[in-house]
**Student:** 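This is the structure I want to talk about, given as structure tokens.
Atoms considered below: every heavy atom in the structure, side chains included; atoms not considered: hydrogens, waters and symmetry mates.
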Amino acid sequence: MSTLFTFNAHPSQLAIVGLLAFLMTATGCQSSAETSTAIPKQSNDHSSTPVFSDTSQQTLRQQALRIQRALANKDFSRITNDIHPTRGVRFSMYAYVRLKTDKVFSREQYAQYLEQSNIRFTWGERDGTGNPLVIPLPEYLDTWVNAKQFNDATISINNFQKSSNSINNLRNIYPNSDFVEFYYSGSEKYDGIDWRVLRLVFDEYQGKRYLVAIINDQWTV
């Protein structure tokens, strides 16, 4: 004969057990609700864009504009302190940077050749004719860089707006540098074929940006 065991709980005991179960269930639901509302806030905060990035680009743009204005006003000596203290500044006639033949001047040389305007340099060969461009530094800055063309130019940072048939190897030569591009779209008279680009390349040194290259670009055959 089998024996059947039964548990006879007092009504007051059952009431206490039921109350505890209800409190545990309610507490668990409240915790879950708080967690679900907190997660989106963390996600939004994490995806916000740092203000420093915009400020840094604005500072770079202002420095580039100051250099362009000084060159446009033929105040060439004013950019001397912007030249990189150890690397100097490179001058490239066209988009293709030529490591072996482009002229690179230190700050001291740049200042010296501005004063000694009788010293002429071979800057490269003119596109189309192949004739060498042999002129002093001040004349090169005035006639070839010709920064006054870019007084009302479209400005971009680390972005190419226009390219010629010349290979643009800026990214290869200066992979970790920033550049500011000034783009003049050309005139209606020549149907825009006389467009010009001025690229100012910057490198950081001891917490400051300095000019390492002045690169010109234009329509080439």
**Student:** Are Phe91 and Val134 linked, directly or through other ILVMFWY residues, by side chains that come within less than 4.5 angstrom of each other?
**Tutor:**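 In one cluster: no.
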**Student:** Would you find a donor on one side and an acceptor on the other, under 3.5 Å apart, between the side chain of Trp123 and the backbone of Ile135?
**Tutor:** yes
**Student:** Between Ser56 and Arg61, do the side chains contain a donor N or O and an acceptor N or O under 3.5 Å apart?
**Tutor:**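 No donor-acceptor contact under 3.5 Å links the two side chains.
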**Student:** Let me see the working for Lys74 and Asp142 under salt bridge (charged side-chain N to carboxylate O under 4.0 Å, His left out), right down to the final yes or no.
**Tutor:** CA-CA 7 Å; Lys74 300 185 182 182; Asp142 183 31; 3.6 Å; yes
**Student:** Do Tyr140 and Phe121 have ring centres separated by under 6.0 Å?
**Tutor:** no
**Student:** Checking the side chain of Glu181 only, and the main-chain atoms of Gln161 only, is there a donor and an acceptor separated by less than 3.5 Å?
**Tutor:** yes
**Student:** Could you check whether any side-chain N or O of Asn73 sits under 3.5 Å from a backbone N or O of Arg69, counting only pairs where one atom can act as donor and the other as acceptor?
**Tutor:** yes
**Student:** With clusters defined by side-chain heavy atoms of hydrophobic residues (ILVMFWY) lying less than 4.5 Å apart, directly or transitively, does Leu133 cluster with Leu198?
**Tutor:** yes
**Student:** Do Phe76 and Tyr110 have their ring centres less than 6.0 Å from each other?
**Tutor:**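 Ring centres of Tyr110 and Phe76 not closer than 6.0 Å.
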**Student:** Looking at Phe202, is its backbone amide N or carbonyl O close enough to the side chain of Asp178 to form a donor-acceptor pair, meaning the two atoms are under 3.5 Å apart?
**Tutor:**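 Between the backbone of Phe202 and the side chain of Asp178 there is no qualifying donor-acceptor contact (under 3.5 Å).
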**Student:** So if you build clusters from Ile, Leu, Val, Met, Phe, Trp, Tyr with side-chain heavy-atom gaps below 4.5 Å, do Val180 and Ile83 land together?
**Tutor:**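 Yes; Ile83 is reachable from Val180 via cluster members.
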**Student:** Show your working on ring pair (Phe, Tyr, Trp, His ring centres under 6.0 Å) between Tyr174 and Phe179 and close with a plain yes or no.
**Tutor:** CA-CA 9 Å; Tyr174 301 102; Phe179 70 90; 9.8 Å; no
**Student:** Sub-3.5 Å donor-acceptor pair from the side chain of Asn169 to the main-chain atoms of Val97, do we have one?
**Tutor:** yes
**Student:** Kindly say whether Asn165 contributes a backbone atom to a donor-acceptor pair with the side chain of Thr220 at under 3.5 angstrom?
**Tutor:**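 Pair found, side chain donor or acceptor close to backbone of Asn165.
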**Student:** Hey, is CD1 on Ile167 packed in by over 12 heavy atoms from elsewhere, all under 6.0 Å?
**Tutor:** no
**Student:** Can you confirm whether Arg98 is buried at CZ, in the sense that more than 12 heavy atoms of other residues, nucleotides or ligands lie under 6.0 Å from that atom?
**Tutor:** yes
**Student:** Give the intermediate values and the outcome of salt bridge (charged side-chain N to carboxylate O under 4.0 Å, His left out) for residues Arg66 and Asp82.
**Tutor:** CA-CA 10 Å; Arg66 179 169 52 77; Asp82 288 289; 2.9 Å; yes
**Student:** Quick one: does any side-chain atom of Ser117 pair with a main-chain N or O of Leu114 as donor and acceptor, under 3.5 Å?
**Tutor:** no
**Student:** Is there a side-chain hydrogen bond (donor to acceptor under 3.5 Å, both in side chains) between Glu125 and Asn131 once you walk through the steps?
**Tutor:** CA-CA 5 Å; Glu125 296 178 350; Asn131 296 329; over 6 Å; no
**Student:** Counting distance only, does the side-chain N/O of Tyr205 pair as donor-acceptor with the main-chain N or O of Arg87 below 3.5 Å?
**Tutor:**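 Not a single qualifying donor-acceptor pair exists.
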**Student:** Assess the residue pair Gln112 and Glu108 against the criterion (side-chain hydrogen bond (donor to acceptor under 3.5 Å, both in side chains)); give the C-alpha distance rounded to whole Å, side-chain angles, the decisive distance to 0.1 Å, and a yes or no.
**Tutor:** CA-CA 6 Å; Gln112 174 189 348; Glu108 294 74 18; over 6 Å; no
**Student:** Is there a donor-acceptor contact under 3.5 Å from the side chain of Arg196 to the main chain of Asp194?
**Tutor:**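 Such a contact is found between Arg196 side chain and Asp194 backbone.
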**Student:** Could you tell me whether Tyr190 and Trp219 have their ring centroids closer than 6.0 angstrom?
**Tutor:** no
**Student:** Looking only at atom types and distance, does a side-chain atom of Arg199 sit under 3.5 Å from a main-chain N or O of Asn216, one as donor and one as acceptor?
**Tutor:** no
**Student:** Dump the intermediate steps for side-chain hydrogen bond (donor to acceptor under 3.5 Å, both in side chains) on Gln57 and Asn158, then the final yes or no.
**Tutor:** CA-CA 10 Å; Gln57 284 203 358; Asn158 295 330; over 6 Å; no
